[in-house]
Engineer: 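Could you have a look at this structure, given as structure tokens, before my questions?
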Amino acid sequence: AAFASYNARLQSAQTLLRLGRHADALDQFVAARERGRDLSEVGPGGGLRRPEVLDNNEAVVRIELGRPQSALPALRRALAADPLNPIFLQNHGVALRELGRLAAAAAAYRAAVASDPTLFPAWNDLGFVLARKGRLEQATRAFRRAVGAEPSYALGWFNLGVALERRGLQHAV
């Protein structure tokens, strides 16, 4: 019964997240976590449940609700269970970026793309952070990696154009 209740709450949370009903999704993630405490015999990465995925998705909801600080503990738990997961690393970078911790965000994005070089949104996010720090040449390289990994990635192309424009005509030489 505990496992069925846990899964029902988790599935509800995932559905609400996809629907953009973030506050409701957060309530269901919290309820799933509480119910998951009764399932301690199944640890992270076990065949029956993946608490690190719950942690990551709860963090995404918290970020979407404008609460990046409260997302960090969930992201730390997710990364403790799977430290090389590129999605967890990228979401950690998003939370840090939202908190204005640009150097730490850049490190998280670099770890994400080191783990999965095809993760084009993380390349774009890295470029964005580098551009905000005034490192336009490095940002340009990151944006080029984003569109190289996904040539139809419009946001990456836009950001690449902005970075090149800010560098001025000298970059062409």
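Quantities reported herein were computed from a predicted structural model and do not represent experimental measurements. Just so you know, these numbers use all the heavy atoms, side chains as well, and skip hydrogens, waters and symmetry mates.
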Engineer: Do L16 and F29 sit in the same hydrophobic cluster, where Ile, Leu, Val, Met, Phe, Trp and Tyr count as joined when their side-chain heavy atoms come under 4.5 Å apart?
Structural biologist: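 Per the 4.5 Å side-chain linkage, L16 and F29 are not co-clustered.
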
Engineer: Shortest non-hydrogen contact from T140 to L164?
Structural biologist: CG2-CD2, 3.6 Å

Engineer: Does the pair V53 and D82 meet the rule for a side-chain contact (heavy atoms from CB on, under 4.5 Å), with working shown?
Structural biologist: CA-CA 10 Å; V53 174; D82 190 353; over 6 Å; no

Engineer: Going from CZ on R62 to CG on N91, what distance comes out if it is rounded to the nearest 0.5 angstrom?
Structural biologist: 14.0 Å

Engineer: Under the criterion side chain to side chain contact (heavy atoms under 4.5 Å, CB included), which of R145, Q138, R144 is the partner of R141?
Structural biologist: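 With R141 as partner, side chain to side chain contact (heavy atoms under 4.5 Å, CB included) holds for just one option, Q138.
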
Engineer: Shortest non-hydrogen contact from V61 to H22?
Structural biologist: CG1-O, 3.1 Å

Engineer: Are W157 and F143 connected into the same hydrophobic cluster when the rule is that any two of I, L, V, M, F, W, Y join if their side-chain heavy atoms are below 4.5 Å apart?
Structural biologist: yes

Engineer: Once rounded to the nearest 0.5 Å, what's the spacing between atom CZ of R9 and atom CG of D27?
Structural biologist: 11.0 Å

Engineer: Tell me whether V30 shares a hydrophobic cluster with Y6, the cluster being built from Ile, Leu, Val, Met, Phe, Trp, Tyr side chains joined at under 4.5 Å.
Structural biologist: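 Yes, same cluster.
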
Engineer: When L54 is tested against each of E52, R50, E58 for side chain to side chain contact (heavy atoms under 4.5 Å, CB included), which residue passes?
Structural biologist: E58

Engineer: So which heavy atom on A95 is nearest to which on P68, and how close?
Structural biologist: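 A95 and P68 have their closest heavy atoms at O-CB, 3.6 Å.
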
Engineer: Could you tell me if the side chain of R18 sits less than 4.5 Å from the side chain of T15, heavy atoms only?
Structural biologist: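 Contact flag for T15/R18 side chains = yes.
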
Engineer: Under 3.5 Å, sequence neighbours excluded: what are the donor-acceptor pairs made by side chains of residues 112-127?
Structural biologist:
from, atom 1, to, atom 2, distance (Å)
S115, OG, L84, O, 2.4
D116, OD1, T118, N, 3.0
D116, OD1, T118, OG1, 2.6
W123, NE1, P117, O, 2.8
N124, OD1, N159, ND2, 2.9
D125, OD2, Q90, NE2, 3.0

Engineer: Measure the spacing between OG of S12 and CG of L17 and express it to the nearest 0.5 Å.
Structural biologist: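 It is 11.0 Å, given to the nearest 0.5 Å.
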
Engineer: Please lay out, stage by stage, how R76 and D55 fare under the test salt bridge (charged side-chain N to carboxylate O under 4.0 Å, His left out).
Structural biologist: CA-CA 9 Å; R76 287 186 193 112; D55 287 328; over 6 Å; no

Engineer: State, to 0.1 Å, how close A32 and L10 come at their nearest heavy-atom pair, and which atoms those are.
Structural biologist: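 Shortest heavy-atom separation between A32 and L10 comes out as CB-N, 3.9 Å.
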
Engineer: Using the rule that Ile, Leu, Val, Met, Phe, Trp and Tyr join whenever any side-chain heavy atoms are under 4.5 Å apart, tell me whether Y109 and L102 fall into a single cluster.
Structural biologist: yes

Engineer: Before giving the answer on side-chain contact (heavy atoms from CB on, under 4.5 Å), spell out for N56 and R77 the whole-Å C-alpha distance, their side-chain angles and the decisive distance to 0.1 Å.
Structural biologist: CA-CA 8 Å; N56 178 72; R77 287 190 303 270; over 6 Å; no

Engineer: Starting at CG of L99, measure out to CG of L72 and round the result to the nearest 0.5 Å.
Structural biologist: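 That separation rounds to 5.5 Å.
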
Engineer: Can you see which heavy atom on A71 is nearest to which on I63, and at what distance?
Structural biologist: CB-CG1, 3.8 Å

Engineer: Looking only at heavy atoms, which two atoms of Q69 and P73 are closest? And how far apart?
Structural biologist: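 Here Q69 and P73 meet closest at O-CD, 3.5 Å.
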
Engineer: Is it the case that one hydrophobic cluster holds both I87 and V94, taking links as side-chain heavy atoms less than 4.5 Å apart, direct or via other members?
Structural biologist: no

